[in-house]
Asker: 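Provided herewith is a single structure, encoded as structure tokens, for subsequent inquiry.
Values reported hereafter were calculated over all heavy atoms of this structure, with side chains retained and with hydrogens, waters and symmetry mates removed. Residue numbering restarts at 1 for every chain, and letters A, B, ... go by the order of the sequence lines.
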Amino acid sequence: MSARSRDTLVRAGAPVALGVFVLVAWQLIVTVGEIDDYLLPSPLSIAGQVVEFWPSLVAAVGSTGLNALIGLVVGSVVGVGIALLASLSRVVDYLSAPLVAGLAVVPIVALAPVLNTMFGADSETGRRTIAGLAVFVPVFINTLRGLRQTAPVHRDLMRSYAAKPGQVVRVLTIPAARPYIFTGIRIASSLAVISALVAEYFGGPRGGLGSLISSSAATSAYARAWAYVVGGIVLGLLFFVVTSALERLVTPSAAFPHGTTDSTTRTSSTSSTNLSNTAPRKELT
Amino acid sequence: MTLHNPSVKSVQTTDAVVATGVSKVFDAAGVTALDGVDLVVRAGEFVSLIGPSGCGKSTLLRLIADLDEPSGGTLQIFGKSAKQARIDQDYGIAFQQAGLLPWRTVAANIELPLELHGFPKAQRADRSRELLDLVGLSDFGQRYPDELSGGMQQRIAIARALAEKPNLLLMDEPFGALDEMTRERMQTELTRICAETGAAVVFVTHSIPEAVFLSDRVVVMSPRPGRIETVVPMALGPAHERGDQIREDPTFFSMVTAVREALHQGAPARGTDNR
Amino acid sequence: MTLHNPSVKSVQTTDAVVATGVSKVFDAAGVTALDGVDLVVRAGEFVSLIGPSGCGKSTLLRLIADLDEPSGGTLQIFGKSAKQARIDQDYGIAFQQAGLLPWRTVAANIELPLELHGFPKAQRADRSRELLDLVGLSDFGQRYPDELSGGMQQRIAIARALAEKPNLLLMDEPFGALDEMTRERMQTELTRICAETGAAVVFVTHSIPEAVFLSDRVVVMSPRPGRIETVVPMALGPAHERGDQIREDPTFFSMVTAVREALHQGAPARGTDNR
Amino acid sequence: STSGDDSGGGDGGSDDLTPVSLQLQWLPQGQFAGYYAALDQGFFEEEGLDVEIIPSGGDIVPQDALVAGDVDYAIAWVPKALGSIEAGANITDIAQIFQRSGTLQVAWADSGIETVADFEGKRIGSWGFGNEWEIFAAMAAEGLDSTSVEIITQDFNMNAFLEGDIDAAQAMTYNEYAQLLESTDPDTGELYQPEDFSVIDYNEAGGAMLQDAIWADTERLESDEEYQETTVAFLKAVIKGWAYAASDPEAAADITINEGSGWGLTHELWMVNETNKLIWPSDNGIGIIDEEAWNSTVEGALSATNESGASLITEEPPSTAYTNEWIQMAHDELEGDDIDLTGADFEPIEVELTEGGE
Amino acid sequence: MTAPSALDAPPAVRPARGRGTSPRANLMRIGLGAAALLGIAVVWELYKWLGPSDGLVIGEARLLPRTSDLAMPHIPDMLTRLFEPVTRADGSPPLWLEVANAAAVTLGIAAVGWLLGLIVGLALSLVMVRWRLAESSLMPWIVLSQTVPLIAFAPVVRSWGSRIEIGAFEWQDWMSVALIASYLAFFPIAIGALRGLQSPTAMHNDLMKSYAAGWWATLIKLRLPASVPYLLPALRLGAANAVVGAIVAEVSTGLRGGIGRMIVQYAGQASGDPAKSWGPIFGAIILGLLAAGSVALIGGGLRNYRRAEVSA
Ligand SMILES: Nc1ncnc2c1ncn2[C@@H]1O[C@H](COP(=O)(O)OP(=O)(O)OP(=O)(O)O)[C@@H](O)[C@H]1O
Ligand SMILES: Nc1ncnc2c1ncn2[C@@H]1O[C@H](COP(=O)(O)OP(=O)(O)OP(=O)(O)O)[C@@H](O)[C@H]1O
Ligand SMILES: [Mg+2]
Ligand SMILES: [Mg+2]
């Protein structure tokens, strides 16, 4: 047991230790090297700016965060919806496949200027559309993959129960796809934040993180720019952590970990029947 | 809605399965999996299908279950079409993989077919308790499948197949993934369960001792195109009286030998088939 | 570098495996997998390990192969430490899954260990041709594993294990994933190969008939903590003389019974272990 | 100057030229016609300089490029540079090319926005990237809080204004204002006319700040004699360039178009002409920094706060922030030549705008 | 801004034999793909025709776009604009040529960024495979790195880079752009390579151990080949990310000649020439497809390493 808890301690502690080390080294380099804030702001002066501009930082995080959130929600809903249609109809599948494949490799931010004109520069809709498009791709791809995860044995079972199509979707397809859907949303979460933020560079209402970063940098107020960057990082992290938690919640093997190696929990070595592991295990966590 | 309508299901005078000249061609692959199969499984009878890999055992079972459609011949399940029998839930089915839904508790897995067919909650709970007792896993109803061993999962799958008290049980290598000792234990248990429910069973297996131990008749199939080679009748006495000691009985060994020989007759000479 | 140095490897006077009081505790899980295991496998001898799932068969095999380290006791492979034996490539190993590398041709898979140990190309090609002959797959050298059936893949895995002419073959349920008929054929083939190479074999299996058919001695293990329960000596005559007909021989059945009983003695009463 | 002798040597002369780089603050266009004209007409070469003009755009900060040592001189607006100086940049304004601010705030004629005071509660466009400070300074002068308006980032086109997303758009006289006049009024099918708009000129409304200036590295100016010489030579060539642009705007527009300006012909000509108006006439002489204008720029920068509560600068800039020393030397050296340093006779031309500026 | 989604699940298994691979199915696939593009164009024009001219505004938010020619030029206009000269100046090349040139510049920079990302990503994944501690300490930061808005870095990278001058080597501005492109590209590659390098089963690792093969031998004979099916989609995503990174970095460092600059520049002229600003956008789209497509070609050469995808 102690070995196990030591292991988790190392896993959680190592990144924190690395982070602290980098921060301290950064501060030392700036302090000892007497590097001007102008060239490289130190962590402490960035922290000072965070404190000084706290209200506007919070407002900016709120504004960019709202855009990202709306993009995430709308993009996810649309992504799941179209994926559902594509899993049910081969025509929809074939129609959407090339578009999504294209969308996946196309620089969506390039659309920012024209979207701003289309939706109006006083409107956040253009940015939200960018975020939504960026979110749509991974959610769609993962959902579709998830919807195709139903094992043949389960499909046979449903048929043997003479289950109606609606019942199959409710009882089998959606639950099997759920971990995949949330994996897609988790991946999309940081994309939503970055896209919403980058889109601010191409116009629209001010007050978000992106526009404040650029206007701070324009007068060489780099420590302040970094303070807003920190806001962006925190926002991205927040999205990531929340969506990761959601993902864990719906992934069966994570919800019910093999806490023990007690004989009752271990399947025989010849058995490959343990289907619970069909849920995707993530590389990112 | 009641779980069991004796007037319809219990009094079975017709045969469980009647296959006449059944054949199956997989067009896309150009494979003739079954060719002119005739088979009758009487009500309450335990019939095993045995044969080399790819001879069409699973295909035949899937045709009976109406999971696939035959290319030729006719199939009657309790005197109805296979499709009707499926819709009426005349059979229960179990596969090599237990195929439990990992996001449902064990009890909810057993109740799944009942839920799909609209049985009220209380009745479902009763039935799953009953079935958990039957397979000896009463304490595990609220666990999740991945907390169970392979053998336990397979017992749950059998319980699920029995949920609607079918008069026909279709099983495709249900013990194939278990280790030998667990397997023997499961076999003994299955004979007991069959004796209790009185259901007919069509059982696919690769193991000769298993087929011999369980069956009233063993159907030996030959490969490509799948045909019934021989039917070897067993004589180990009534199912519920078969105990572990039978496995050491000379009759048992002689039947094993009989099936082995039937099997090897149909099999091609060593070396030509490289599987 | 030559493939085979007769002065070193062929004249084996020492025992292949000598385990004395070997035990293994998995600290992290707090599981005692093996406890005080004593076992001697003589050169050229075929020994099977059988026992219920989780009794430590694979663990013991892995200790012999130096894939894990024992927590207590000593292990000697041909008089050396397990580690030295591994480095000297004194053994070949095969698992339940063939574990061929899918991106290599069959021949390249067989040659993998030789390649790793720096044998020249021509010699590697000769040896793989030889081994493909031995396992009866001469025509398949340039194919890729996914073009082969499960049984053929397993034969390639055995050929690979034999690549460096080891005097000891370690096999962990190598036929576990094959169907019964293929399995019997593979068993016959393995006895022939063993007779030809004269290697000692430690063979893990779940199947009693398989253990009986193949072995000179069957080691029956008991679970938790894994111990050697009984050692049942077999007497089916020299390996290369064993044919399929032996499987229908009364001696065969009596030995199956003997192993079954040894196994059930060690196993807990039905119902307490729910596997 | 000795440059005449050098270039007389023939083709091999370029080896003797001093390499100089100049960082612009935007893409090549008529706004920078004087520099490109100096390059094209060989004025730099005459002064012994081999000049590379580096365009910019986006959020590149010219004064940062200067501080980083990427370039020798940079063109930047004074307020932005003041911010950089307070952040630690050690740079000096050595020539104030634009004597006036070219920034307008344009609203529709019927919008009721006539003065900065009318901004309150309106959607006010700005490009961001530090171009917003004049607005805040003008509002501060009116006693308006920066939070009393909604600031919207404009694209570098006038679509947002034309589509009605913003009530008053920021526009440079030489560029965006022309874009409006090049657009078709959908109601009439004709081009928009000046009377369709209500134009607020920050020079009149207050808040105007000094714009395009040439910045040099303070430290090098103090200690590096070669740099000092180069600076004077450079300024001389620039003066000649701008004089050329004033005298022949058509030719200057052709030069910038050839240098990669993406604008149409009439738009480019308009831009050169309007830029000339910001430079000429120059009462003290081109490039001389007017102390009063400087002080009012500093005052505006001190008083303005943006919507996040940040102000451009919090204290007076150091005395090194500007100097007339070098531009004066350039003037002195050019005295004998036939160049009008004040542009007393300057007459802008009339440019007829066409649809799309083509 | 593309997704590392393909990395999250094991490599896609090709459709089962006998389904969807027949020539007819392929034809249908291509046909419907083209139909999808056409469909978008039709929806665009239909909406432009029928939609409310000021879009759909509910409360504060405009939910549907405006239909004016300024906001939504006709698709034929966008296409014909491609073949008209960039400006009215004499000898001005057609727009498409200008766009193609810019795209080529960006593609070159993105390719360098991709290569750099490949090197860094592979190096990181190797370190993480080698040392577990490295994995647990680096992984969260690698994930975190992608939540950092890279634009914030662009001016910094540029100004730092300009200080680098080693002998004859002098830092060029395009290198800053390539560096930022690699910042986006390395992520999917590092993740994909790590998953791929860790994909060999315990049995394969045991096998290599039984051959007394060292870490490097195991890497070369087992881990690297096994990682191919994971690496290929990762490389494709890396390429797409490199393109995005290059475009965004061009905008924010002000590098000229590439498509990013062109997007901003033409957007500035959109009031007078709305169709023109779509030119570089089409260019960017083609660029993304081209980059991902050329990486897909690499996959063709590594077919044998992807057999597991078929047979698994
Ligand atoms: N869906 C299918 N499409 C094409 N061919 C199929 C399909 N299902 C089965 N076959 C073919 O039909 C034949 C019989 O298959 P089947 O699965 O019934 O054999 P089996 O006796 O159950 O074998 P095993 O013992 O390996 O389970 C095989 O040759 C197989 O390749
Ligand atoms: N790496 C490990 N960490 C912790 N416990 C382990 C490990 N490997 C095996 N065990 C435990 O050791 C015991 C013996 O395992 P082992 O795999 O040797 O059994 P086995 O006899 O091979 O079983 P099977 O027949 O299922 O293959 C089991 O209880 C198992 O849980
Ligand atoms: Mg089958
Ligand atoms: Mg084992």
Side-chain angles (χ1 to χ4, degrees), chain D residues 23-29 54-62 64-71 127 129 154-165 169 175-176 178-184 186 191-192 253-254 257-258 260-268 353-358, chain E residues 53-55 57 60 62 65-71 84-92 95 98 151-152 154-156 158-165 170-173 176 248-257 260-277:
Chain D
Q23 173 71 62
L24 302 183
Q25 56 179 337
W26 196 238
L27 301 162
Q29 57 181 3
I54 301 165
S56 161
D59 57 0
I60 194 164
V61 184
D64 284 355
L66 175 62
V67 172
D70 298 353
V71 293
W127 302 296
F129 295 117
Q154 282 172 232
D155 244 334
F156 292 96
N157 60 45
M158 296 307 275
N159 287 1
F161 176 70
L162 291 173
E163 297 276 16
D165 300 337
N175 187 357
E176 286 79 10
Q179 288 184 35
L180 289 179
L181 299 176
E182 288 158 356
S183 303
T184 311
L191 292 184
Y192 283 114
D254 280 344
I257 282 185
N258 286 333
S261 169
W263 298 107
L265 285 174
T266 56
H267 186 95
E268 193 73 22
L353 285 173
T354 58
E355 183 177 355
E358 306 290 355
Chain E
S53 65
D54 197 41
V57 183
E60 290 283 285
R62 178 176 279 110
R66 289 187 274 245
T67 57
S68 65
D69 283 352
L70 212 53
E84 290 162 9
V86 183
T87 64
R88 289 270 167 79
D90 291 337
S92 170
L95 180 60
E98 199 83 342
I151 289 209
V156 181
R158 189 182 170 281
S159 80
W160 287 348
S162 62
R163 254 159 264 175
I164 298 174
E165 202 174 336
E170 201 179 321
W171 188 264
Q172 306 289 313
D173 280 350
S176 304
V248 173
E250 277 176 15
V251 172
S252 55
T253 65
L255 185 79
R256 292 178 64 216
R261 212 33 288 152
M262 192 178 254
I263 289 174
V264 172
Q265 189 180 347
Y266 288 4
Q269 300 164 6
S271 300
D273 196 351
K276 187 178 180 183
S277 57

Asker: Chain E heavy atoms under 4.5 Å from D:Gln179: which part of the residue, side chain, backbone, both or neither?
Answerer: side chain

Asker: Once you round to the nearest 0.5 Å, how far does CZ of E:Arg66 lie from CG of D:Asp165?
Answerer: 4.0 Å

Asker: Name the option with the most non-hydrogen atom pairs under 4.5 Å to chain E; the candidates are D:Gln154, D:Met158, D:His267.
Answerer: D:Met158

Asker: Do you know the tightest heavy-atom contact between D:Glu163 and E:Ser68?
Answerer: OE2-OG, 2.8 Å

